[in-house]
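Scroll down for the structure; my scribbles are underneath it.
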Amino acid sequence: MTVWTEDRIKRLRSLWREGRTAESISRDLGAGISRSAVLGKVRRLGLSALRPEPAAGENRPRPAASERTRPPAGARSEVRHASTVSPTVGRRTVLTVRRRECRWPLGDPLKPSFSLCGCPVSRGAFCSDHAAIAYRGAPQTFEQLARLAGV
DNA sequence: CCCTGATTCGC
DNA sequence: GCGAATCAGG
């Protein structure tokens, strides 16, 4: 059964234009149309770029997130620097590392024991610990530069 | 964990 | 073309 009838496509366009979420639209359309189906169709129709971007100060047609329970906004988010950057063995190899896993290399690339960190990615390609090493800013002083160069 | 849209890729 | 699975970000 062809799901995307003209009528449903029309309604999809309309609902999407109103800023409804994909899940909401899928429920609206019913007929076994899933959230993914909506997203896929939206993409194929080229609607992705047409999302109304609420200008600053506008009413945003986005009632979605408000229905959920909001976490108590009291807690401080303290970055714990940890001490435990495993110096030797990672949990992944170049063949097994997955998408959101830290790619920090550990060990000698020429040895079979060579591995990748594999911890959950925090920033870019690395976990928080390794990102702190990888994404340091450019050296601000000559001393920093010299240290970086190992001189 | 929850959510969101975005993307991939076998069908 | 379709959409489940997955990705990426909040």
Side-chain angles (χ1 to χ4, degrees), chain A residues 1-109 112-140 144 148:
Chain A
M1 164 185 177
T2 295
V3 183
W4 288 112
T5 61
E6 285 301 320
D7 179 68
R8 292 209 181 92
I9 292 175
K10 193 173 178 180
R11 271 205 287 163
L12 169 63
R13 285 199 146 98
S14 171
L15 293 170
W16 183 258
R17 199 178 333 116
E18 293 171 15
R20 301 276 301 275
T21 66
E23 186 189 33
S24 172
I25 294 172
S26 74
R27 274 189 267 102
D28 230 83
L29 293 178
I33 298 177
S34 67
R35 188 183 82 97
S36 285
V38 169
L39 269 315
K41 191 59 177 174
V42 162
R43 157 159 279 260
R44 288 188 294 276
L45 288 174
L47 300 179
S48 296
L50 300 180
R51 268 298 209 186
E53 165 65 27
E58 290 282 346
N59 285 348
R60 61 185 56 207
R62 171 124 304 175
S66 61
E67 297 190 15
R68 258 176 294 131
T69 333
R70 192 154 291 284
R76 73 195 62 210
S77 64
E78 180 171 339
V79 177
R80 83 181 56 234
H81 279 152
S83 22
T84 326
V85 177
S86 168
T88 51
V89 187
R91 53 184 69 176
R92 297 291 181 210
T93 71
V94 291
L95 296 181
T96 61
V97 69
R98 293 180 288 192
R99 296 245 181 148
R100 284 151 137 177
E101 294 174 340
C102 180
R103 283 168 160 73
W104 192 264
L106 298 171
D108 185 341
S113 61
F114 179 67
S115 60
L116 302 181
C117 169
C119 288
V121 161
S122 175
R123 294 165 51 205
F126 307 112
C127 68
S128 55
D129 285 340
H130 289 133
I133 303 172
Y135 303 129
R136 285 179 291 190
Q140 299 299 312
Q144 290 175 359
L148 202 58

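Since we're looking at a predicted model, the values are computed, not measured. Protein chains get the first letters and strands the later ones, always in sequence-line order, with residue 1 at the start of each.
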Any heavy-atom pair between the side chains of A:Leu12 and A:Trp4 that's under 4.5 Å? yes
Partner set under side-chain hydrogen bond (donor to acceptor under 3.5 Å, both in side chains) for A:Ser34, not counting sequence neighbours: none
To the nearest angstrom, the CZ-C1' distance between A:Arg17 and B:dG5 comes to 19 Å
Without decimals, in angstroms, what is the distance between A:Arg27 CZ and B:dC3 P? 10 Å
So A:Trp104 and A:Ile133, do their side chains get closer than 4.5 Å, heavy atoms only? yes
Nearest whole Å is fine: how far is B:dA6 P from A:Leu47 CG? 10 Å
Set of residues satisfying salt bridge (Lys or Arg N to Asp or Glu O under 4.0 Å) with respect to A:Arg92, sequence neighbours excluded: A:Glu101
Rounded to whole Å, CD of A:Glu23 lies from P of B:dT4 at a distance of 5 Å
On the nucleotide C:dG3, are OP1 or OP2 found under 4.0 Å from the side-chain N or O atoms that A:Lys41 carries? no
Anything under 3.5 Å between a protein N or O and an N or O of nucleotides 8-11 of chain B, put it in a table, one pair a line.
none

Atom pair distance, as rounded to whole Å: CG in A:Leu29 and C1' in C:dG3: 14 Å
Could you state the atom-to-atom distance from CG of A:Leu15 to P of B:dG5 in whole Å? 12 Å
Do the side-chain N or O atoms of A:Trp16 get closer than 4.0 angstrom to the phosphate oxygens (OP1, OP2) of B:dG5? no
For A:Arg35 and C:dA5, what is the distance between atoms CZ and P respectively, to the nearest whole Å? 12 Å
Minimum-distance nucleotide to A:Leu39 side chain [options: C:dA4, C:dG3, B:dA6]: B:dA6
Residues forming a salt bridge (Lys or Arg N to Asp or Glu O under 4.0 Å) with A:Arg27, sequence neighbours excluded: A:Glu23
Could you tell me whether the phosphate oxygens of B:dT4, OP1 or OP2, come under 4.0 Å of any side-chain nitrogen or oxygen in A:Thr21? yes
How long is the line joining CG of A:Leu12 and C1' of C:dG1, in whole Å? 14 Å
Hey, is the side chain of A:Ser36 pairing donor to acceptor with the base of C:dA5 inside 3.5 Å? yes
Under the side-chain hydrogen bond (donor to acceptor under 3.5 Å, both in side chains) rule, collect the residues that match up with A:Ser36, sequence neighbours excluded. none
Across all chains, not counting sequence neighbours, the salt bridge (Lys or Arg N to Asp or Glu O under 4.0 Å) partners of A:Asp108 are none
